[in-house]
Colleague: 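Please read through the structure below; I'll follow up with questions.
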Amino acid sequence: MSQEYTPQTLEVALQADWAKTGRFAVQPDNAREKFYCLAMFPYPSGKLHMGHVRNYTIADVIARYQRMQGKNVLQPMGWDAFGLPAENAAIANKVAPAAWTRENIDHMRAQLQRLGYAYDWDREIATCDPQYYQWEQWFFTQLFERGLVYKKMATVNWDPVDQTVLANEQVIDGRGWRSGALIERREIPQWFIRITAYAEELLEGLDTLEGWPEAVRIMQRNWIGKSRGVELAFGLESPIADLDRIEVYTTRPDTLFGVTYISLAAEHPITLALAEQNPELTEFVAACKQTSVAEADMAQAEKLGMDTGLRATHPLTGEAIPVWVANYVLMDYGSGAVMAVPAHDERDWEFARKYSLPMKTVICDAEGHPADIADSAYTEHGVLTGSAEFDGCHFEAAFEGIAAQLGAKQMGRTTTQFRLRDWGVSRQRYWGTPIPMLNLEDGRDIPIPADRLPSLLPEDVAMDGVTSPIKADPEWRKFELEGQPCERETDTFDTFVQSSWYYARFTCPHYTDGMIDSAQANYWLPVDQYVGGIEHAILHLLYSRFFHKLMRDAGLVDSDEPFERLLTQGMVLKDGAKMSKSKGNTVDPQALIDRYGADTVRLFSMFAAPPEQSLEWSDSGVEGAHRFIKRLWRLIHDFGSDEGASAAESLTSEQKTLRRKIHETIAKVSDDYGRRQTFNTAVAAIMELCNDLGRHPGETPEDRSVISEGLHAVLQMLWPITPHLSEHLWRQLTGEAFVESHWPALDESALSRDELEIVVQVNGKVRGKILVPASADRTEIEALAKDQENVRRFLADATIRKVIVVPQKLVNIVAQ
RNA sequence: GCCCAGGUGGUGAAAUUGGUAGACACGCUAGCUUCAGGUGCUAGUGCUCGCAAGGGCGUGGAGGUUCAAGUCCUCUCCUGGGCACCA
């Protein structure tokens, strides 16, 4: 009766059954505890890659484990369907982004279904559907009314040949990826959402997110970057560009006496005014603009500067301080000007060295001497020197004293600043949500009225590769409001806007009366478990937290935070590198599913590494996972049906040992799935149990009873990972349908041991092992340890100084 | 450049609270079964000395704390992620 393992037929049949019976469709149910499990939805790029498989398997294992705990589990799936790749594909393949996207969705949906994920497909969302983005447009107009939206000039990468704006990704070594032209920074008007109004709350909220990895919380905290400092001004003798002073911000006012120059951004109004009379400076400013807007590029670019000849007055000493223009000072941050203290700031030190600018030490080192700055800046806090009446002050006193003196002179004040900048949401692209704003003839911007939404994106378009079809089409732009002609905004939203609230829409995807059905949302939210790549640690997760608070303040949801617990999974690598087409090291999950079935692919993904770590791909590892499945298949078939095996009365010591292994495994796997989320160690433990079950003779009814108990537990514990295999074999073994809401019960009494093995060390090195009765006390253990044969040899002519006994574990005898 | 992770056998990894380093699996070696094997089973497998019993060494590198360090501290090297228009 040894039947062959045929995953292709077995899995597809079960999947059809799940779909037909609506097995994973859910509704609110107040009788049961809810559990909302969500994996970050994919961009529909064409087909699934291994990163998706890993991501969705992790989430599915958690969702199914929670189902086995009897919870009402929501696990939805959808598509982050707007974005740049669709435009690129449209140009390359002469197909409209909409058609390309929807084809990809159909293909990827089928792939996900073939992997057997327990999704409620009735809730599927695609962000490119007007039914979705209309509410995003509506919400934006609400934010506008609340004063949380504004328009200002902001910098973009400009390709002067293609006459288009480029994403940072499209700028390679400072050149446009298609034209090869040197790109330049250019300022254009763009829409912003005031995330900075929520900076304090976003920062404080991090402390409540105990279910988040500490690394993510730290990264967000640093990103928000709250600092206490001083805003101060250096005076100008005569106004330039209507400014009579240069404003700077510093967190180190204690180094104010060490300022030897000031640096302005290339876009600073004073720079621009000075450049008008100075051709050399004009040229330098143009050169400064030839880097991408990416911070990484700017931080690594060679530091360039030029003396403007202008001098500003030090607010405390009255000295004349040279004013420079430098390419590392950014107009978008703070005031676009910084005071430079080369002795106590790394970047200023490098710049000053390069241009032979003076340095002035004003902080003492730990020994109380003026710090040595010959080889690098001294950036520690310390006692002041060379700072007039502040000499001898420590950081705190100097900070307060200098701030007070600046305040008295009306030249400065203490402030709190955030590194976080407002969220620019304008994109000069076609394939996105049209920004629902109108430009009136008098120049004012107003929102499109709610009853005229959605502002529909035309889908039947041709892409020429340079101009957005809605920018190229004058007809689309035309709009009439109360008889007045006006123009639609032709920019679209950043795709992060869609992904900032989809988790909430999943609770009520078909709701037509508003953005969110609060009754549904408040039942399901917050998401109990969110799973996604670590690469989203800052942007996506911060924007979502921000949007949640915006929705809360609009009365749509009750909770303060969207995601209770977060699991950030590592990447899938091959040959130590991220899989990518350009490297030619991709692995197509479809080929693996076709060859081994979904359960093998799922099992390997879970077994190969813990979820937070990167996973090194291995073909032979997949083979190994498949072999384990076949072994288990054979084990169950060889065992036959369990013909109502009853709990045995008295067991032999071998049977007791096997039963203890079964229950130790249940305890470990429960902990690994639930608390630790280390699925690889759970699989290893189940494999160990299977090895023991296979080795155990099945001669007596008692033997068969214990083995049967173990096989039941194995199938139940594997269900979250290999659901098809488990359901199929369960029926073989028991003759009944698999009941998913039963997690195997732990029998604590089966865990007890009569004897323990204890390690004996001499001076920290293992010299022997002893078996002691579980009831043995300290003195007995110590005596047994000293008596151990090998231990005695090492103690022969030594004096025992100390004996350390760690209960249940080891004895360390310290001897000389 | 800045912020955050990670580095353990030939390979993927385990070691959960400072307490036996290498569980589980891959690979490899030997044997058995079968002998058409991309099959199955058994044993061995960190390096090293030894016939063996047993010993020495060993978690990127250098120091340190401790009876005891993969785990804690300091410095350092390498790899990966993020840096606001890839998603």
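Just so it is clear: chains get the letters A, B, ... in the order the sequence lines come, proteins before strands, and each one is counted from 1. Side chains are part of it too, since the values below use all heavy atoms of this structure and drop only hydrogens, waters and symmetry mates.
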Colleague: Go through A/F82 and A/Y133 one step at a time and tell me if the side-chain contact (heavy atoms from CB on, under 4.5 Å) criterion holds.
Modeller: CA-CA 10 Å; A/F82 277 137; A/Y133 69 68; 3.8 Å; yes
Colleague: What's the CD-C1' distance between A/E664 and B/A23, to the nearest Å?
Modeller: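 After rounding, the reported distance stands at 13 Å.
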Colleague: Take a 6.0 Å sphere around CD of A/Q816 and say whether it holds more than 12 heavy atoms from other residues, nucleotides or ligands.
Modeller: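 For A/Q816, atom CD is not crowded (no more than 12 foreign heavy atoms under 6.0 Å).
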Colleague: Between B/C4 and B/C41, how far apart are the C1' atoms? Round to whole Å, please.
Modeller: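 So the two C1' atoms sit 48 Å from each other.
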Colleague: Which whole-number value in Å describes the distance from A/L539 CG to B/C3 P?
Modeller: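 For the pair A/L539 CG and B/C3 P, the rounded distance is 18 Å.
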Colleague: Which is true for A/L420 with a 4.0 Å heavy-atom rule: it touches a base, it touches only sugar-phosphate, or it touches nothing?
Modeller: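 Base: the residue A/L420, judged by heavy atoms under 4.0 Å, touches a nucleobase.
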Colleague: I need the CZ-P distance between A/R194 and B/A84, as an integer number of Å.
Modeller: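 Distance, rounded to whole Å: 22 Å.
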Colleague: Check for me whether the distance between the ring centres of A/W212 and A/Y530 falls short of 6.0 Å.
Modeller: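 Aromatic pair excluded; centres sit 6.0 Å or further apart.
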Colleague: Once you apply the 3.5 Å cut-off to both distances, tell me the Watson-Crick or G-U wobble partner of B/U71, or none.
Modeller: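 Check on B/U71: unpaired, no WC or wobble geometry under 3.5 Å.
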Colleague: Roughly how many Å apart are B/G7 and B/G40, using the C1' atom of each and rounding to a whole number?
Modeller: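 So the two C1' atoms sit 38 Å from each other.
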Colleague: Need to verify one output field. Residue with the more 5' nearest nucleotide on RNA chain B, A/P610 or A/V814?
Modeller: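 Its nearest nucleotide lies further toward 5', so the answer is A/P610.
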Colleague: Could you tell me how far B/G12 sits from B/U66 if I compare only their P atoms? Round to whole Å.
Modeller: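 Each nucleotide's P atom is 36 Å from the other's.
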Colleague: With nearest nucleotides of RNA chain B determined for A/A609 and A/R631 from heavy-atom distances, which residue corresponds to the more 5′ nucleotide?
Modeller: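 It is A/A609 whose nearest nucleotide is closer to the 5' end.
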Colleague: Please give, in whole Å, the distance from B/A5 C1' to A/H536 NE2?
Modeller: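 Answer to the nearest Å: 17 Å.
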Colleague: More than 12 foreign heavy atoms under 6.0 Å from CD of A/E214: is that the case here?
Modeller: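 For A/E214, atom CD is crowded (more than 12 foreign heavy atoms under 6.0 Å).
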Colleague: Are A/Y502 and A/W79, when compared by the centres of their aromatic rings, separated by less than 6.0 Å?
Modeller: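 No, they do not, as the ring centres are separated by 6.0 Å or more.
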Colleague: Tell me which residues in residues 216-226 of chain A lie within less than 4.0 Å of RNA chain B, going by non-hydrogen atoms.
Modeller: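 Output list: A/I218, A/M219, A/N222, A/W223.
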Colleague: Whether the A/T681 and A/D672 side chains hold a donor-acceptor pair (N or O, under 3.5 Å, no angle test) is what I'd like checked.
Modeller: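 Judged by distance alone, the side chains do pair up.
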Colleague: Are side-chain N/O atoms of A/Q788 and A/R767 paired as donor and acceptor at under 3.5 Å?
Modeller: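 Absent: no donor and acceptor within the cut-off.
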Colleague: Can you tabulate the close N/O pairs, meaning under 3.5 Å, that link protein atoms to atoms of nucleotides 56-59 of chain B?
Modeller:
from: B/G56; atom 1: OP1; to: A/R767; atom 2: NH2; distance (Å): 3.1
from: B/G56; atom 1: OP2; to: A/R767; atom 2: NH1; distance (Å): 3.2
from: B/C57; atom 1: OP2; to: A/K765; atom 2: NZ; distance (Å): 3.0

Colleague: Could you identify the nucleotide paired to B/C2, looking across every strand shown and requiring Watson-Crick or G-U wobble geometry with both distances under 3.5 Å?
Modeller: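 The base-pairing partner of B/C2, which may sit in any strand shown, is B/G82.
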Colleague: Taking side-chain hydrogen bond (donor to acceptor under 3.5 Å, both in side chains) as the test, write out the residues that go with A/Y543, two or more places apart.
Modeller: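 Not a single residue meets the side-chain hydrogen bond (donor to acceptor under 3.5 Å, both in side chains) criterion with A/Y543.
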Colleague: Roughly, in whole Å, what's the span from CD in A/E169 to P in B/G81?
Modeller: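 So the two atoms are 14 Å apart, to the nearest Å.
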Colleague: Could you pull out the protein-nucleic contacts involving nucleotides 16-22 of chain B (nitrogen or oxygen on both sides, under 3.5 Å)?
Modeller:
from: B/U16; atom 1: O4'; to: A/R676; atom 2: NH1; distance (Å): 3.4
from: B/U16; atom 1: N1; to: A/R676; atom 2: NH1; distance (Å): 3.4
from: B/U16; atom 1: O2; to: A/R675; atom 2: NH2; distance (Å): 2.6
from: B/U16; atom 1: O4; to: A/K668; atom 2: NZ; distance (Å): 2.4
from: B/G19; atom 1: N2; to: A/N812; atom 2: ND2; distance (Å): 3.4
from: B/U20; atom 1: O2; to: A/K769; atom 2: NZ; distance (Å): 3.1

Colleague: Tell which nucleotide pairs with B/C32, taking only Watson-Crick or G-U wobble pairs whose two distances are both under 3.5 angstrom.
Modeller: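 Base-paired to B/G40.
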Colleague: How far, in whole Å, is B/G82 from B/A68 if one measures between their P atoms?
Modeller: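 That atom pair is separated by 42 Å.
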Colleague: Tell me: CG of A/D345 to P of B/C2, nearest whole Å?
Modeller: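 My rounded result for the distance is 11 Å.
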Colleague: Are more than 12 heavy atoms from other residues, nucleotides or ligands located less than 6.0 Å from atom NZ of A/K354?
Modeller: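 More than 12 heavy atoms, drawn from other residues, nucleotides or ligands, come within 6.0 Å of this atom.
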Colleague: Are A/K289 and A/E187 ion-paired here, with the side-chain N under 4.0 Å from a carboxylate O?
Modeller: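 Salt bridge: no.
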Colleague: Might you list the N or O atoms of the protein lying below 3.5 Å from N or O atoms in nucleotides 8-10 of chain B, with each pair's distance?
Modeller:
none

Colleague: Looking at the side chain of A/E295, which of B/G27, B/C83, B/G82 is the nearest nucleotide?
Modeller: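 Looking only at heavy atoms from C-beta outward on A/E295, the closest nucleotide is B/C83.
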Colleague: Is A/N790 close enough to B/G54 that one of its side-chain N or O atoms is under 4.0 Å from OP1 or OP2 there?
Modeller: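 For B/G54, OP1/OP2 do not have a side-chain N/O of A/N790 under 4.0 Å.
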Colleague: With heavy atoms under 4.0 Å as the rule, sort A/T678 into base, sugar-phosphate or nothing.
Modeller: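 Nothing, no heavy atom under 4.0 Å.
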Colleague: Are A/R675 and A/D671 within salt-bridge range, i.e. N to O under 4.0 Å?
Modeller: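 Answer for the salt bridge query: yes.
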Colleague: Could you please spell out the steps behind the ring pair (Phe, Tyr, Trp, His ring centres under 6.0 Å) verdict for A/Y328 and A/F351?
Modeller: CA-CA 10 Å; A/Y328 66 89; A/F351 189 85; 5.4 Å; yes
Colleague: Expressed as a whole number of Å, how far does the P atom of B/U8 sit from that of B/A14?
Modeller: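 Approximately 11 Å lies between the P atom of B/U8 and that of B/A14.
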Colleague: Which atom pairs link the protein and nucleotides 48-50 of chain B when you take only N or O atoms and keep those under 3.5 Å?
Modeller:
none

Colleague: Under 4.0 Å: is that the gap between some side-chain N or O of A/N680 and OP1 or OP2 of B/G12?
Modeller: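 False: A/N680 side-chain N/O out of range (4.0 Å or more) of B/G12 OP1/OP2.
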Colleague: Taking 4.0 Å as the cut-off, does a side-chain nitrogen or oxygen of A/T495 come that near to OP1 or OP2 on B/A87?
Modeller: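 Affirmative; the distance criterion is met.
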Colleague: What's the NZ-P distance between A/K630 and B/C26, to the nearest Å?
Modeller: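 Answer to the nearest Å: 12 Å.
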Colleague: Given the P atoms of B/C67 and B/C83, what is the spacing between them in whole Å?
Modeller: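 After rounding to an integer number of Å, I get 47 Å for this pair.
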Colleague: Quote, to the nearest angstrom, the C1' distance that separates B/G19 from B/C28.
Modeller: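 Pairwise C1' distance, B/G19 against B/C28, rounds to 33 Å.
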Colleague: Would A/E489 and A/W191 count as a side-chain hydrogen bond (donor to acceptor under 3.5 Å, both in side chains) here? Give the steps.
Modeller: CA-CA 10 Å; A/E489 173 66 71; A/W191 289 101; 2.9 Å; yes
Colleague: Taking atom types as they are modelled, is there a donor-acceptor pair under 3.5 Å from the base of B/G1 to the side chain of A/Q300?
Modeller: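 Such a pair exists between side chain and base.
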Colleague: Take a 6.0 Å sphere around CD of A/Q808 and say whether it holds more than 12 heavy atoms from other residues, nucleotides or ligands.
Modeller: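 Not more than 12 within 6.0 Å, no.
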Colleague: Does B/C24 have OP1 or OP2 under 4.0 Å away from a side-chain N or O of A/R627?
Modeller: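 So the side chain of A/R627 is outside the cut-off, no N or O lying under 4.0 Å from OP1 or OP2 of B/C24.
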Colleague: Between A/K786 and A/E782, is there a side-chain N and carboxylate O pair less than 4.0 Å apart?
Modeller: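 Yes, charged N to carboxylate O under 4.0 Å.
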Colleague: If I take atom CZ in residue A/F607 and atom P in nucleotide B/A25, what distance separates them, rounded to the nearest angstrom?
Modeller: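 One finds 7 Å between P of B/A25 and CZ of A/F607, rounded.
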Colleague: Return yes if a side-chain donor-acceptor contact under 3.5 Å exists between A/T196 and A/D422, otherwise no.
Modeller: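 Yes - a donor-acceptor pair under 3.5 Å links their side chains.
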Colleague: Let's test this: given Watson-Crick or G-U wobble pairing with both distances under 3.5 Å, identify the partner of B/G27.
Modeller: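 Base partner found: B/U45.
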Colleague: Distance check, C1' atoms only: B/A43 and B/A36, in whole angstrom units.
Modeller: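 That atom pair is separated by 27 Å.
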